[in-house]
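Protein chains get the first letters and strands the later ones, always in sequence-line order, with residue 1 at the start of each.
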Amino acid sequence: MASVTLEKVAKSYGSHKVIHGADLNVKDGEFVVFVGPSGCGKSTLLRMIAGLEDITSGDVSIGETRVTDMVPGDRGVAMVFQSYALYPHMDVARNMSFGLRMQGNDKADTDARVGNASVVLQLKQLLARLPKQLSGGQRQRVAIGRAIVRKPQVFLFDEPLSNLDAELRVQMRVEIARLHSELAATMIYVTHDQTEAMTLADRIVVLRDGNIEQVGSPLELYHDPDTAFVAGFIGSPRMNFLAGRTENWADGLQSVALVNHGDKIVKIPTRSALATGEEVTVGVRPEHLLAGKAAVGGFAITADVVEHLGATTYIYAGARSENPLIVARTDDHADTVGDQVTILPQVGKAHLFDTNGMRIR
Amino acid sequence: MRPRSLTAFGFLAPYLLIFASFWLWPIIYSFYLSFMSTRRLPWTFNPKMTWGRVVQDPAFYNALENTLTILAIQVPVMLFLATLLAVMLNSTLLRARGLIRFAFFAPVVIGEAAYAAVFRLMFNTEFGVINKVIESVGLPPVEWFSNPDAAMALIIMAVTWRWVGYNAIIILAGLQSIPQDVYEAATLDRVSPRQQFLYITLPLLKPVILFCLVLSVIGSMQLFAEPYLITNVGGPGGATETLGLYLYRQAFLNLNFGYASAVAYTIAALAVMISALNLWIGRDKT
């Protein structure tokens, strides 16, 4: 196993820049997830590490070795593709052993590796099947098995669960997490699904338009986002953003008037005072909005849509607008559409962002 | 019959009428004819003169041998070249791709008479460009039209030239249906490009190549235009007479329709048998 280091890694297609100089250090044995909306460059960055995309400038190192100019096969990486990319005419055993056989690896060793991988991934019964005779989940396990038998320094996953149904996705997510702890391998995993990122990652790398927006543990990103983009991307349902105007500052608390909610004042901890009358955005997660009796002194919203999930109820206000306000209620209150609900951000849980989306601390 | 079906059949009638009179009827009628002695009027039922003759006619066996020789040499060579060409046409290094693909496909569109005339000129023994090239490297000129082996080689080259691009385009479609990420996975598996071609591309192209093989076998069994137009109706001395040509000679020069029908059915049966054999050998064993 090995670490992966990116130094000012950039990629352009002609004059079109898709990766703008990424710096990142993935530690040995770490599980890092690249997350971001489609088109943010996360898959491109992964493929640059694999060597499947050229690097326009910058350097990639795996362990102590600079691999920037190495062909993919020599980099010691294995990749699991979204489409599985299994060899359609080979059975499961031959799919997993193909690379080793082509290199003239010792047959006994190859068989042993395939045997081990098929035990780890519960593929023993399927070794003689062709890919077309397997379900999506089984195919993805074969693709992972093919990566394992190579004993790579780094595992790369490119949206491996996107083609699976919701239930299988959860199941495979657990399996990948188990695999990571069993193999203690360095893994880099690309997804657009923030839930996958939150549940699997040691550290998450949030990408946006070819830039690394923020790197941190899942809870760091959740509790302490650097930008409104990260705050909005991490967490489900997404964070509420409310238009605000700065008022006075006292004892480390900045007062902000919520301009769309009757200038209701919320207090947010900041290090220093902001000029009065400035336009800001208040970010507060649905689960950090008190509702009903707990929201003493709050403001009222009208429930447009109510989703009862059992443990939690989601209330949407302004559901037809681009940016509805979402409240997560866990206090067993059976709200219905049209109800007036009083809400109040929990003290210390709201974040403040400037007009450029940068966090004001 | 319900009125709706009647309307439908009414619209289908022109097609069905043409299909029945120019396709179905000749098939049935020629089967009947294949049992008739048609050498003199009135025609009489005499299978000995038709089916009996097929199995012992040296001219038929000569045409069969020529056809099978062409098939055995031309088809594998052409499919090999077509596969090679398809891989080249699929290369990302290739510029003006559409134009070049059309250029290789164009021979199919060109009229047979025109292309045969050009081949005859190019291979002319005295002033043809091919012999000029051969002589320029110090070799004796080839008697393309009077040497039986050379004439056979000429037919094989002409047919290959005409159909290689057509087959390459079909194989190219097969190549493009192989997902790119399979090759990426193989690259990461440290599989060399040569191994990728042998162990991934070729096996995945097998159904397409098999399809081309069956098409080519059927085409070869019916081969007519090239020996008729290029080597002077199967010359020299029947050395390039094919089954198609022999059938034509019996039917339309000798006007022996009964025997020609028996030959036609024999050709069809052989084509079906060889194609079935190809499919059986190339079947998926899993």
Side chain, backbone, both or neither of R75(A) within contact of chain B (heavy atoms, under 4.5 Å): neither

Assert top hit (heavy-atom pairs under 4.5 Å, partner chain B, pool R47(A), M90(A), Q103(A)) equals Q103(A)

If we ignore angles and hydrogens, is there a donor and acceptor under 3.5 Å between the side chains of Q138(A) and Y84(A)? no

With the threshold set at 4.0 Å, does a side-chain nitrogen-carboxylate oxygen contact exist between E30(A) and R203(A)? yes

Regarding E112(B) and Y228(B), do their side chains bring together a donor and an acceptor under 3.5 Å, going by distance alone? no

Heavy-atom cut-off 4.5 Å, strictly under: side chain, backbone, both or neither for Y183(B) against chain A? neither

Salt bridge or not between D59(A) and K8(A)? Use side-chain N to carboxylate O under 4.0 Å. no

Is R146(A) positioned over the aromatic face of Y87(A), cation under 6.0 angstrom from the ring centre and no more than 45 degrees off axis? yes

Region of L156(A) in contact with chain B, defined by heavy-atom distances below 4.5 Å: neither

When heavy-atom pairs shorter than 4.5 Å are enumerated against chain B, which of G99(A), G51(A), A78(A), A147(A) gives the highest number? G99(A)

